[in-house]
A.B. asks: 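Take this structure, written in structure tokens, and hold onto it; I'll ask about it next.
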Amino acid sequence: MIIAVASGKGGTGKTTIATNLVLSLEGSVRLLDCDVEEPNAHLFLKPRIESTTSIGIPVPCVDELRCTACGKCGQICQYSAIVALKTKPLTFPELCHGCGGCARICPSGAITEVSREIGTLEKGRSGNVEFVHGRLKIGEAMSPPLIRAVKKYIRQEGATIIDAPPGTSCPVIATVKDSDFVILVTEPTPFGLNDLMLAVEMIRELGTPFGVLINRADLGDDRVRDYCRAQGIQVLLEISNDRKIAEAYSKGILMIEVRPGLIDTFRELYARIGDIVSSGGSKGLPYSSEKGEI
Amino acid sequence: MRELVVISGKGGTGKTSIVASFAVLARNKILADCDVDAADLHLLLQPKIQHRQIFKSGKQASIRQEDCLGCGLCRDICRFEAVKELAPSPIRACPVFSIDPISCEGCGVCVEFCPQKAVDFLEKTGGEWFISDTRCGPMVHARLGAAEENSGKLVSLVRTQAGKMAGEKGLDLIIIDGSPGIGCPVIASITGADLVLVVTEPTVSGEHDFKRVISLTRHFRIPTALCVNKYDLNPSQTDLIEQQACEKQVIMAGRIHYDEQVTYAQVKGKAIVECEESLAGKDIRALWQKLEPFIRNVPQEKYNFLHGDDYARKNL
Amino acid sequence: MKIVITSSGEAMDSQVDPRFGRAKTLILFDTETGLHQVVDNTQNLNAAQGAGIQAAEHVSRLGAQCLITGHCGPKAFRTLQAAGIKVIIGAEGTVTEAIENFRAGQYTTAEAADVDGHWM
């Protein structure tokens, strides 16, 4: 089963939930950290890195001897990444999306594609957990191509837990697309609610089954719970605001190390999600709330 | 006219809460909420929309199924896995293809190469942007549509509009609430700014993400200041982060205590400095007192790429 | 020769628009005939990205040999340079004043972009 852990708001506890969940499970499990801009899962999983690969996107390279300055490459490009003036084409590789249009349309075969590095992919292990993450090169604007490279390590057997970036736009969509289930982690504050509503809208566009996990559940107020109830969204779990967990987190220590009772809680969460997915999704399930062990 | 951008690298460190307080404390300024896919500043400033406009994010391909002959070339050449094969309908023997609007990046390659010219290329509405009034002055903000993309372009638009309004109203400061991460919306909000304030938290995640975001601001040669929020949750981690910041010529702007009053203020829809005396409120006032003269006095050689770091080192 | 000046309006006494990529109007002026043409540049306001690059292409298609504006970003500058168009930055005042200054040889050609791009 492929489970993505996302949120609208940053800092609600995605990485915390993703890492603690994967380490609570047995068998063939893996964690894919798709927050390639600011990957954090490795700080908690502390994997032994086994390989590092450079990931690039294909960008145009113009052979000026073959170019007839016909201008077709500049016309097809939607991103101003290749510009054909009266002279030979000018390329702006940092704007290129790697669509291959210019290379394909060039009538003289003057354009080939070369790889431009956008980041690295690291693979490793932490105990029984397989680990993969991407690190976007500083100054690079586009994360989806690197996210897609990390997602190539999804396997159908066992559990694949995906740590998503915060927000609701293209990096998050590229991450959660084609998952079996999305856990939306939120906090019961006005910002938490606002961003949860945006995330729910986004997930509903994708049509993936999802549920909500309320972290730091005794902060703020009840508006998040009221919203979930009104929308028929299942609250899978609530975890209280625990100073011990917060301190452990600040030092890079896992929640399940300071509160081992949570291992069973996470296993039950996984089993419950499994039931929802095999019964065809959680759309329209009645509101219910399971309280965490704390 | 000066631009201050508040970013964080890691999400949830307190950017928006701090920007809202700056909005109350700063005079003669305009606010820009550039966290366009998860905007929250409006929850504390209650803007009244004066003007709204549709945001055209780019184009999208759409196959006219009645003209599709099912050759599948579009699927073969699409680099973004945006072409789906549908089951053939009873009247036609061949498969039919369809573009997934969520995956489509609007590159136009299928449009160009479809042998039947069966693909339309249509402009997409990606969201809306707004010019509003608040009790703290004018504000420009936006809302990206659900599952939409090109947030970088919308961020640029919000920023440009804020700049334009500042010019028209004779305002000399733009305060920008940025988004987490280091990708295109963040880059679009910081390039050309006078000062970036990085708000981080005293955790290993905060430290890791702070280092990456500093690399980004250095890459763009923008003077950078640091504020550690909730610093008393881990003072030794705070010291570690500040030490690393010093080594990278980042200005120490201040520290803010962890304070539950911040959440209560949020629930009330107010900035922390508007509520009764609190630890965090006091710290933010001190933070603003330190930052404000610096921003206003950054020499208007904003366009001199090399100037920022030296000035920062000598003056704070 | 033909020159292009970025303008905040359609009249010759409009202020020079300090931005290049997102300036609403371009004034195309022919120094030999003294005639001018008002050119709309607003398609760039809607550009998905690369507004500066597209504005530079636009100037090239107009057959201009020189651009007068306030500021120019690196991508636009590179495109103009590749097209052999001279770039003058730091121009202020009205379009008419900018043309007079140009004719009086008051401007020096820029060697490089003077502002950071907006990445797009």
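So that the names make sense, note that chain A is the first sequence line, chain B the second, and so on, each numbered from 1.
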A.B. asks: At a heavy-atom separation under 4.5 Å, does E201(B) approach chain A through its side chain, its backbone, both, or neither?
C.D. replies: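 The side chain, not the backbone.
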A.B. asks: Using a strict threshold of under 4.0 Å (side-chain N to carboxylate O), is an ion pair present between E112(B) and K72(A)?
C.D. replies: no
A.B. asks: Among G9(B), S17(B), P101(B), S8(B), who wins on heavy-atom pairs under 4.5 Å with chain A?
C.D. replies: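 That would be G9(B).
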A.B. asks: E37(A) and G183(B): which non-hydrogen atoms are nearest, and at how many Å?
C.D. replies: OE1-N, 2.8 Å
A.B. asks: Say you draw a straight line from NZ of K177(A) to CD1 of I102(B); how long is it, rounded to the nearest 0.5 Å?
C.D. replies: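 Reported value, rounded in 0.5 Å steps: 8.5 Å.
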A.B. asks: Check each atom of L144(B) against the heavy atoms of chain A and say whether the ones under 4.5 Å are side chain, backbone, both or neither.
C.D. replies: side chain
A.B. asks: If you apply the rule side-chain contact (heavy atoms from CB on, under 4.5 Å), what do you find for F191(A) with L44(B), and how did you get there?
C.D. replies: CA-CA 10 Å; F191(A) 289 3; L44(B) 301 181; 3.6 Å; yes
A.B. asks: Side chain, backbone, both or neither: which part of R135(A) has a non-hydrogen atom closer than 4.5 Å to chain B?
C.D. replies: both
A.B. asks: What part of V36(A) gets closer than 4.5 Å to chain B, counting heavy atoms only: side chain, backbone, both or neither?
C.D. replies: backbone
A.B. asks: Which region of K251(A), side chain (C-beta onward) or backbone (N, CA, C, O), has a non-hydrogen atom less than 4.5 Å from a non-hydrogen atom of chain B, or is it both or neither?
C.D. replies: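 Both backbone and side chain.
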A.B. asks: Count the heavy-atom pairs under 4.5 Å between each of A174(A), C170(A), C99(A), P58(A) and chain B, then report the option with the highest count.
C.D. replies: C99(A)
A.B. asks: Quick one: does any side-chain atom of R212(B) pair with a main-chain N or O of I138(A) as donor and acceptor, under 3.5 Å?
C.D. replies: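 Absent.
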A.B. asks: Calculate, to the nearest 0.5 Å, the distance between atoms CZ and OH belonging to R243(A) and Y258(B) respectively.
C.D. replies: 7.5 Å
A.B. asks: Out of C102(A), G10(A), G167(A), S7(A), which one racks up the most heavy-atom pairs below 4.5 Å with chain B?
C.D. replies: G10(A)
A.B. asks: Chain A heavy atoms under 4.5 Å from S215(B): which part of the residue, side chain, backbone, both or neither?
C.D. replies: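 Both backbone and side chain of S215(B) come within 4.5 Å of chain A.
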A.B. asks: Would you mind checking which part of L136(A) comes under 4.5 Å of any heavy atom in chain B, side chain (CB onward), backbone (N, CA, C, O), both or neither?
C.D. replies: both
A.B. asks: Looking at K10(B) and N40(A), what are the two nearest heavy atoms and their distance?
C.D. replies: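 For K10(B) and N40(A), the tightest heavy-atom pair comes out as CE-OD1, 4.3 Å.
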A.B. asks: Could you look at P190(A) and say if it's the side chain, the backbone, both or neither that has a heavy atom under 4.5 Å from chain B?
C.D. replies: both
A.B. asks: So which part of F113(B) gets closer than 4.5 Å to some heavy atom of chain A, the side chain, the backbone, both or neither?
C.D. replies: side chain
A.B. asks: What part of E201(A) gets within 4.5 angstrom of chain B, counting heavy atoms only: side chain, backbone, both, or neither?
C.D. replies: both
A.B. asks: Can you say whether P202(B) sits under 4.5 Å from chain A via the side chain, the backbone, both, or neither, judging by heavy atoms?
C.D. replies: backbone
A.B. asks: Under the criterion side-chain contact (heavy atoms from CB on, under 4.5 Å), I'd like the reasoning laid out for D37(B) against M202(A): C-alpha separation, chi angles, the key distance, then a yes or no.
C.D. replies: CA-CA 10 Å; D37(B) 68 327; M202(A) 181 254 313; over 6 Å; no
A.B. asks: Measure distances from L193(A) to the heavy atoms of chain B and classify the residue's part below 4.5 Å as side chain, backbone, both or neither.
C.D. replies: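 For L193(A), neither part sits under 4.5 Å from chain B.
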A.B. asks: How about CD on E81(B), more than 12 heavy atoms from neighbouring residues, nucleotides or ligands closer than 6.0 Å, or not?
C.D. replies: no
A.B. asks: Please classify the contact between L198(A) and chain B as side chain, backbone, both or neither, with a heavy-atom cut-off of under 4.5 Å.
C.D. replies: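 Just its side chain gets close to chain B.
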A.B. asks: Between D209(B) and chain A, which part of the residue has a heavy atom less than 4.5 Å away: side chain, backbone, both or neither?
C.D. replies: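 For D209(B), backbone and side chain are both near chain A.
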A.B. asks: Side chain, backbone, both or neither: which part of P171(A) has an atom under 4.5 Å from a heavy atom of chain B?
C.D. replies: neither
A.B. asks: Considering only heavy atoms, which portion of K14(A) lies under 4.5 Å from any heavy atom of chain B: side chain, backbone, both, or neither?
C.D. replies: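 Neither the backbone nor the side chain of K14(A) comes within 4.5 Å of chain B.
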A.B. asks: Under 4.5 Å from any heavy atom of chain A, what part of T263(B) do you find: side chain, backbone, both or neither?
C.D. replies: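 Contact with chain A is through the side chain of T263(B) alone.
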A.B. asks: Please state whether the side chain, the backbone, both or neither of I182(B) comes within less than 4.5 Å of a heavy atom of chain A.
C.D. replies: both
A.B. asks: Given the options G98(A), P144(A), P166(A), which has more heavy-atom pairs under 4.5 Å with chain B than any of the others?
C.D. replies: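 The option with the most such pairs is G98(A).
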A.B. asks: Is the number of heavy atoms from other residues, nucleotides or ligands within 6.0 Å of CZ (R143(B)) greater than 12?
C.D. replies: no
A.B. asks: Go through the atoms of S143(A) and report whether side chain, backbone, both or neither lie under 4.5 Å from a heavy atom of chain B.
C.D. replies: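 S143(A) has no heavy atom closer than 4.5 Å to chain B.
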A.B. asks: Say you draw a straight line from OG of S205(B) to NE2 of H42(A); how long is it, rounded to the nearest 0.5 Å?
C.D. replies: 8.5 Å
A.B. asks: Give, for atom CD1 of I57(A) and atom CZ of R79(B), the distance between the pair rounded to the nearest 0.5 Å.
C.D. replies: 10.0 Å
A.B. asks: Specify which of L206(A), I173(A), D195(A), I203(A) makes the most heavy-atom pairs with chain B at under 4.5 Å.
C.D. replies: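 It is D195(A).
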A.B. asks: Roughly how far apart are S169(A) OG and N150(B) CG, rounded to 0.5 Å?
C.D. replies: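 Reported value, rounded in 0.5 Å steps: 9.5 Å.
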A.B. asks: One thing to verify: whether E105(B) and R148(A) come together as a salt bridge, which I'm taking to mean a side-chain N less than 4.0 angstrom from a carboxylate O.
C.D. replies: yes
A.B. asks: Is Y264(B) atom OH crowded by more than 12 heavy atoms from other residues, nucleotides or ligands, each under 6.0 Å away?
C.D. replies: no
A.B. asks: Quick check: are there more than 12 heavy atoms from other residues, nucleotides or ligands sitting under 6.0 Å from NZ of K244(A)?
C.D. replies: no
A.B. asks: Non-hydrogen atoms of chain A under 4.5 Å away: do they reach the side chain of Q237(B), the backbone, both or neither?
C.D. replies: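 Interface part for Q237(B): side chain.
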A.B. asks: Hey, which of L219(A), I105(A), T15(A), T12(A) has the most heavy atom pairs under 4.5 Å with chain B?
C.D. replies: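 Highest number of pairs under 4.5 Å: I105(A).
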A.B. asks: Identify which of R104(A), E140(A), K9(A) forms the greatest number of heavy-atom pairs closer than 4.5 Å to chain B.
C.D. replies: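 Option with the top pair count is R104(A).
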A.B. asks: Heavy-atom distances under 4.5 Å only: say whether V213(B) touches chain A with side chain, backbone, both or neither.
C.D. replies: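 Backbone plus side chain of V213(B), per the 4.5 Å heavy-atom cut-off to chain A.
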A.B. asks: For chain A, find which of I77(B), L233(B), T16(B), D35(B) contributes the most heavy-atom pairs closer than 4.5 angstrom.
C.D. replies: I77(B)
A.B. asks: Looking at V204(B), D40(B), T203(B), which makes the most heavy-atom pairs under 4.5 Å with chain A?
C.D. replies: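 Heavy-atom pairs under 4.5 Å are most numerous for D40(B).
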